[in-house]
There are 2 protein chains.
Amino acid sequence: MSLDHAILGLLSERPRSGYDLKTRCFDDALKPFWTADQAQIYRTLERLKAAKHVSVTTRRCAGRPDRRIYEITRSGREQLDAWLAQAHPSPTLRDPFLLQLYFGASVPDDDLLGVLESRRAEHERRLEELRLAASELAAGKLGPRTEVLRQTALDGAAERERALISWLDDCIHAVTEGALPGSEGRGIGQRHLFGAEPA
Amino acid sequence: MSLDHAILGLLSERPRSGYDLKTRCFDDALKPFWTADQAQIYRTLERLKAAKHVSVTTRRCAGRPDRRIYEITRSGREQLDAWLAQAHPSPTLRDPFLLQLYFGASVPDDDLLGVLESRRAEHERRLEELRLAASELAAGKLGPRTEVLRQTALDGAAERERALISWLDDCIHAVTEGALPGSEGRGIGQRHLFGAEPA
DNA sequence: GTCTATTATATGTTCTATCCTATATTCACC
DNA sequence: GGTGAATATAGGATAGAACATATAATAGAC
């Protein structure tokens, strides 16, 4: 239910429409922390409205569809505060790339290197995004506690990326230096090593 | 479709039953890389069978339900090899904890500290699991390339955890030293700062 | 003697996320 | 005059993950 709370958090700053949430929050400042597509946002707003955590005011716009401006209610704030103050389990990480390494004994060095380098580029790209977000944050538009906390959150995400990049560099180095034992073909030898299925 | 390939990878080592995959792979050695519940595994095996990537042999067992042993087919191996050799997008990270920091300006230091410490404990727990997995791996039962790759994968996951723990330590330190600006109440002042919704 | 765990497979339901499509208008560009 | 982008909301379809329940026998604990 984290998307609910992301939206409640955004609405606790000021009232917004669904479109506004999408284009000016989830596609922008919130992107490093949580993403959501448009359909999800509108559906979540409906749900929050049904739960009375937000209220709606329709604003007429000539020609266009009416704008529905959502505002957080007292019960929404209470819900948000309770959620913010308690610990939540961290999501289990499921990364296809680690599976590739795990099962990659039959993959030729060249292909392996390609995968490693594309992964490295991706983390570098994310790190760049985080740097950009951090520089946009430092404009003094927010309260000091908010600003420090957001910088800290960005920094945590950046640490993660940096750790992965330096590890990937080690991997790439090992492969290009030929430090990785040669390709093993696949499985036939191992099947004998393991023996038959136990009864 | 990574679960499909995790299962194909496991079956490329040796034939296994669904129960076997669950209890001896996904709950064990594969746990740091990919988890799956029983229902998911059986349904995926069905799907792989329909796609002719695995074949089944039923083994009668007195009293118990028959054991269905799955074996990878030639087309399954081809599918697996192709997947292993190409790059896949890394999953977008969505971590409720980062949202908590992002919106946490109204949370009292004590609650914040509780959240930080419980998160730290969780990463420490995972790191311990990774250490255990690494020591179980170093038994010489596998080919040299497989062993190095698996150690490397575990090491990458461990680096991630270590980076987060050291960052969390900084956060905890900052809060306990009072380096974090005081609580801001919530929103009322900010609402004025931001001004009204633009027309 | 009952209760729980283990071995083994399978279905049902719900939730979340992603993608695609529909609707409706204004404005800028070519 | 047509095309596409921006503004704005909403529904449908699908896939993945999580959780719960059904069935069925044996072995061991209390």
Side-chain angles (χ1 to χ4, degrees), chain A residues 1-7 15-28 30-31 33-51 54 56-70 88-96 99 197-199, chain B residues 1-7 15-27 31 33-51 54 56-70 88-96 99 197-199:
Chain A
M1 313 287 281
S2 291
L3 178 58
D4 299 48
H5 297 98
I7 288 179
R16 287 181 184 273
S17 70
Y19 186 79
D20 205 27
L21 286 168
K22 173 61 178 157
T23 57
R24 284 216 276 269
C25 304
F26 287 98
D27 285 350
D28 192 48
L30 212 63
K31 207 167 138 198
F33 306 114
W34 208 272
T35 56
D37 85 341
Q38 175 258 80
Q40 234 183 319
I41 291 169
Y42 283 108
R43 273 190 268 248
T44 302
L45 284 170
E46 265 314 295
R47 191 149 31 83
L48 289 173
K49 200 187 74 179
V54 300
V56 198
T57 331
T58 303
R59 192 174 294 180
R60 291 284 144 79
C61 296
R64 290 188 209 155
D66 294 343
R67 249 176 134 184
R68 297 162 62 78
I69 310 291
Y70 293 85
H88 306 283
S90 67
T92 47
L93 34 65
R94 274 197 202 83
D95 190 337
L99 280 182
E197 173 86 349
Chain B
M1 313 291 280
S2 292
L3 179 58
D4 299 48
H5 297 98
I7 288 178
R16 287 182 185 272
S17 69
Y19 186 79
D20 206 28
L21 286 168
K22 173 60 178 157
T23 57
R24 284 216 277 268
C25 303
F26 287 98
D27 285 351
K31 207 167 136 198
F33 306 114
W34 207 273
T35 57
D37 83 343
Q38 174 257 82
Q40 234 182 319
I41 291 169
Y42 283 108
R43 272 192 268 247
T44 302
L45 284 170
E46 264 316 292
R47 192 151 28 86
L48 289 173
K49 199 187 73 177
V54 300
V56 197
T57 330
T58 302
R59 192 173 295 180
R60 291 283 144 80
C61 297
R64 292 189 206 154
D66 294 343
R67 252 173 131 186
R68 298 163 61 79
I69 310 291
Y70 292 86
H88 306 284
S90 67
T92 47
L93 37 64
R94 275 195 201 85
D95 190 338
L99 280 183
E197 173 85 348

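We name chains A, B, ... by the order of the sequence lines, and we start the count at 1 in each one.
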When you compare the protein's N or O atoms with those of nucleotides 14-18 of chain D, which come within less than 3.5 Å of each other, and at what distance?
unit_1	atom_1	unit_2	atom_2	d
D:dA17	OP2	B:Gln40	NE2	2.3
D:dA17	O5'	B:Gln40	NE2	3.3
D:dA18	OP1	A:Arg94	NH2	3.4
D:dA18	OP2	A:Arg94	NH2	2.8

How many Å lie between [atom1] on [X] and [atom2] on [N], as a whole number?
X: A:Phe26; N: C:dT18; atom1: CZ; atom2: C1'; result: 15 Å
X: B:Gln38; N: C:dT6; atom1: CD; atom2: P; result: 15 Å
X: A:Ile41; N: C:dT16; atom1: CD1; atom2: P; result: 15 Å
X: A:Arg16; N: D:dT9; atom1: CZ; atom2: C1'; result: 18 Å
X: A:Lys22; N: C:dT18; atom1: NZ; atom2: C1'; result: 11 Å

Does [X] place a side-chain N or O at less than 4.0 Å from the phosphate oxygens OP1/OP2 of [N]?
X: B:Tyr19; N: C:dT9; answer: no
X: A:Arg67; N: D:dA8; answer: yes
X: B:Tyr42; N: C:dA10; answer: no
X: A:Thr23; N: D:dA6; answer: no

**Item:** Side-chain heavy-atom pair A:Leu21, A:Leu45 within 4.5 angstrom cut-off
**Value:**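 A side-chain contact under 4.5 Å exists here.
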
**Request:** Taking the side chain as every heavy atom from C-beta outward, state whether B:Arg68 and B:Lys49 have any pair of such atoms under 4.5 Å apart.
**Result:**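 The answer is yes, as the side chains (C-beta and beyond) meet within the 4.5 Å cut-off.
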
**Item:** Exercise: do B:Thr35 and A:Arg94 side chains pair donor with acceptor under 3.5 Å
**Value:**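 Their side chains do contain a donor-acceptor pair, which is all the 3.5 Å distance test asks for.
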
**Prompt:** Does a side-chain N-to-carboxylate-O contact under 4.0 Å join A:Asp28 and A:Arg24?
**Reply:**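 Looking at A:Asp28 and A:Arg24, the cut-off is not met.
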
**Prompt:** Salt-bridged, B:Arg43 to B:Glu46, with N to O below 4.0 Å?
**Reply:**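 Looking at B:Arg43 and B:Glu46, the cut-off is not met.
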
**Message:** Need one value for A:Glu46: base, sugar-phosphate or nothing, where a base atom within 4.0 Å counts as base even if backbone is also close, heavy atoms only.
**Reply:**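 Result for A:Glu46 = nothing.
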
**Request:** Considering non-hydrogen atoms only, spot the tightest contact between A:Leu3 and A:Ala36 and give its length.
**Result:**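 The answer is CD1-CB, 3.8 Å.
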
